[in-house]
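Presented below is the structure to which this report refers.
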Amino acid sequence: MQVFLQNWIYLIASVSLIGVGLYIVLTKENIFRIIVGLNIIESGTNLFMIAIAWHPKAVMPIYTATDHLAVNGKVIAADPLPQSLVLTAIVIGLGTTALALAIGVKIFEKYGTLDVRKIKEAEK
Amino acid sequence: MIIYVATIVVIVIIITSLIAVFSKKLLSSIISMGLVSLGVSGLFFFLQAPDVAITEAAIGAGLSTAIFVIALKKVKKGETKDEE
Amino acid sequence: MKNDTPKVFKSIFALFVVAIFMIGLFYAFVSMPKGWGVNVNNRVSRLYILKNVRTATRLLDSGKFFAKGMKPLRAEVPYKPIKFKKTANLEDGAANVVTSIVVDYRGFDTLGEVTVLFLAASGVMMLLFGKRVKPKRKKTEPSLIMYVGTRIAFAVIFLFGIYIFVHGHLTPGGGFPGGAVIASGILGLFLGRNGYTPNHAGLKVFESLSGIAFVIIGLIGLFSVKSFLANFLPTGIIGNLYSAGFISLIYIAIGMKVGSELAAVVDSMIGDTKEEWS
Amino acid sequence: MNIFNNAALLIGIPLLFAFSIPLFGFISKQLTKWVTIFVIGFNATFSLYILLAHKFPSVVVMGNWVPPFGENLYVGPVAVFLVTVVSLIGLLIAIYNLWAIKGGDVTRFSVLFLMYIAGASGIILTGDIFNLFIFMEITEITSYALAAYGPERRALGGAFKFLVVSSIGSTLYLLGVMLIYTQLGTLNIAEIAARIGQTTPGLLTFAGVLLISGLAVEAELFPFNGWVPDTYTGAVNGVSAALSGIGAIAGVYALFRIVMTVLGKDGMYVLTYGKLDLMAVIAILATATVVIGELSALTQKNVKKMLAYSSMAQMGLVAAGFSIGSTLGVYGGIFQLINHSIAKSMLFLIVGVLVAAGVGERIENFKGLWKRSPFLSLAFTIGAFSMLGFPLFAGFWSKFAIVGASIQRGGWYDFIIGLVLFASVAEAFYYLRIVTYIFSSTEMEKPKIKVNLSPAIPIFILAVAIVAIGVYPNLIGNFSMQSAGEFTHKMKDYVLNVIPTITAH
């Protein structure tokens, strides 16, 4: 049971988050809801990237913290490179979210609605 | 042992993300997005990535949600009701 | 045209796309090697496993590097206790390996990342630009306790943010979360008092100067060590505050930049503006 | 491995000035636009120097870590040539912006425009697959913000659509990068390219599909280009010119750098590793793009929207040229890419001048334009003829090369080129329709249009460039041929220049 969970639980979490986010983006009409969906997709992607850098016996990649963390005389740290990539991805996600919200607020000021369908009709 | 805690967190995250899909109010869907971020940051900690966990908690769960709520307040000022 | 499609079809189509995507990812995960390990005794480098970068570079120059198999990717390596002594290069200068990667090996990425955040903030400010309109009186004024409390909390939060980004090379954290923490403290000030506005010109100058500082640190590297964003400071002993070369300098610049930038974003989101086009 | 670290200034100087433009903004708003011009001018001069002094191929080492360990920029023939073109066109559009950008937050606009050019240069220069993602984000974030700029409300809808599509695209790209990383443990393009044969074919195919769907958003290929018409129509004209002239170059470059250099096999015609030949997939997508783009453009009454659809179709043509996979095909693709950038950005600038003069964007408004402004009419005609591929105009040579390459390859590529040529007939129809409108006479006498110096200079230079390339194609052709070699001979011209000791697997 434990082995099964270790292998699969993080993958299930990340993939279902990506799926839920994609579903929101594809079906919802409210602009703010679409941005919520984009955020959830981003969380799922980050989780996926961290999960494939991990090993059940791994310790965190910090020298001063791992001094006494030998497992059976052997030690493995989680792969730090994907972690650094995810740091970057999180910050980029914040930037995109802020810009999208600014555009959304602007759209509400000018069209008086956040519904994508109504905006399309107003353009015609 | 910690994997069972992680499993519970994962179940909570998935349920919360489903709330984000089906909730009628925009505010509750935004809050559940923040909760998803918070749960994911907890998972990062279980996955031995404390740097990422702190960053996600501060940026993804904290500031991102705050900006969201501020923007939502700005939109609500208009008279038009805009729930789906 | 698209509006006439019933909601059910749309959901079914969405579910279809999502299902294909999820199956693909599951398939990919099943067929990939799992559980990447890194030996902490060796230094972090491209392969993180076989060798440290200096030896690897030597092997690379003599053409032997790629002849070695890439097999021992997941091998567990016998544990040797680490002795902290004076370090020779930045590679073993920082106690936090992720920091070492973020600022040193992939420092150029981080410069780009800071730029992305700066551009997003600029975009928000450009879109919400206009003449400030005085906010209407709120129905509920924040109470005195809120007012005083947020101000006291701001001092503590500010200090904590600075702690996070100064200790970026020793403990988890770094410039980005530190800056975000400071920005959330400023957000508290907004909530504590109606009509609070930070000093806009000050924020702008602060933001620009810390960004310029980052690039200039890179340019100093280019002119002294002959490579953009190269370390030019001594690296010290692992675990000391004054170690890890220019990492802490860069993190201080990043922290200040991110803090002032996010504060400006919050400010332009909260304020009401009326745009005018000449 | 030649090292030329000073080329890092191509990214460093724009960043330095982008951060300091808000400080210049305290002095004067007009000054910030001049700073933009100065910095892009520096980039153009420096890259022109590298091109003419033949400082390439060389590698720029970042942070003193040699290529497979740290990050690097690769200054190869493609990179130098495309960066030069990008910064020259960017310089001309920046000169146009001096006159066109007035209201709103001009300071921030200058920052964003400058970083848009620098981000496109970064995409072209970088030698690291994740760094490519960062620069892609820089160009995309700036382009959402730039596209949303302007007094018109339709700009916002287009910008939001672009944002949603391309942030999903970049997520997919990131997943693809991670899948490759799990197999090879590296992010360096040269090393991945050399060792791509070691990966599992199934996983590689899935990763390739993810990478392509991420990159096709900016390269405007068929299922991912729904944002193009709205965004181009809504944006201010200077921005539309930049999006179609500069963003397209960066997008197409990134797509084919990944597909041909990273995933491709060396050979007579480039094919890709994995279970599925991704070059063939791209050929089909490109054909679909051409057909759909041209047929949609045919029905448009709004000139700007028509130009947007036409731009989509031209990108399809470029991708079709690249996907033939031979040196001649890639040569045609690059040549067409540059011709398209020059002509399309000029057409958008002309529409901008006309709209500002109160003429309007609809086709009927163009009636009798010849009487009102001979200069603009002539320039528009030159651009339209270059798009059509008339002899003695720039577009002729590139279309000729693409057709020749596809005939040389034969097989089912004959079918593709047939469809593309059929679609070109539609293109001829709608461009000639505007040209006849321009030269037809009207009864009513309307006032003449006065063109300021600042928009006139870029339009004039671009028009002269089109005619010059048309008369003397080797002006661009030699460099294009040189660049095409880098795409089709990846080991000899790319990988070994970056990591000399590596062996192919």
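Just so we're on the same page: letters track the sequence lines, and every chain starts at 1. Only heavy atoms go into these numbers, but all of them, side chains included; no hydrogens, no water, no symmetry mates.
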Review item, side-chain donor-acceptor pairs of residues 100-107 of chain A, under 3.5 Å, at least two apart:
unit_1    : atom_1 : unit_2    : atom_2 : d
Lys106(A) : NZ     : Leu127(C) : O      : 3.2
Lys106(A) : NZ     : Glu275(C) : OE2    : 2.8

Can you tell which part of [X] gets under 4.5 Å to a heavy atom of chain B, answering side chain, backbone, both or neither?
X        : answer
Ser43(A) : both
Leu17(A) : side chain
Leu47(A) : both

Heavy-atom closest pair, residues Val20(A) and Ser17(B)
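Smallest heavy-atom distance, with atoms named: CG1-O, 3.8 Å.
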Over all atoms of both residues, closest heavy-atom pair of Lys24(B) and Arg33(A):
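Looking at all heavy atoms of both residues, the shortest contact is O-NH2, 3.1 Å.
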Counting heavy atoms not belonging to Tyr111(A), are there more than 12 under 6.0 Å from its OH?
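Buried by this count: over 12 neighbours within 6.0 Å.
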Measure the spacing between [atom1] of [X] and [atom2] of [Y] and express it to the nearest 0.5 Å.
X        : Y        : atom1 : atom2 : answer
Asn46(A) : Ser41(B) : CG    : OG    : 11.5 Å
Ile90(A) : Ile54(B) : CD1   : CD1   : 11.0 Å
Gln48(B) : Gln83(A) : CD    : CD    : 8.5 Å
Tyr10(A) : Leu47(B) : OH    : CG    : 4.5 Å
Ile92(A) : Ile59(B) : CD1   : CD1   : 11.5 Å
Ile9(A)  : Leu43(B) : CD1   : CG    : 9.0 Å

So which of Leu63(B), Thr7(B), Val40(B) has the largest heavy-atom pair count under 4.5 angstrom toward chain A?
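Most heavy-atom pairs under 4.5 Å with chain A: Thr7(B).
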Under the salt bridge (Lys or Arg N to Asp or Glu O under 4.0 Å) definition, can you give me all pairs with a residue in residues 44-60 of chain B, not counting sequence neighbours?
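Qualifying pairs, neighbours excluded: none.
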Below 4.5 Å, heavy atoms only, C-beta onward: do Leu18(B) and Tyr23(A) meet side chain to side chain?
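Not in contact.
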Non-hydrogen side-chain atoms of Glu42(A) and Ser37(B) separated by less than 4.5 Å:
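Heavy-atom side-chain distance check fails, nothing below 4.5 Å.
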Which bit of Ile14(B) comes within less than 4.5 Å of chain A, counting heavy atoms only: side chain, backbone, both or neither?
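For Ile14(B), the side chain is the part near chain A, not the backbone.
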Portion of Val52(B) that has a non-hydrogen atom of chain A nearer than 4.5 angstrom:
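Interface part for Val52(B): both.
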Show, in sequence, the C-alpha distance, side-chain angles and deciding distance for Asn30(A) and Leu26(B), and conclude whether the side-chain contact (heavy atoms from CB on, under 4.5 Å) test is met.
CA-CA 9 Å; Asn30(A) 191 307; Leu26(B) 206 48; 4.1 Å; yes
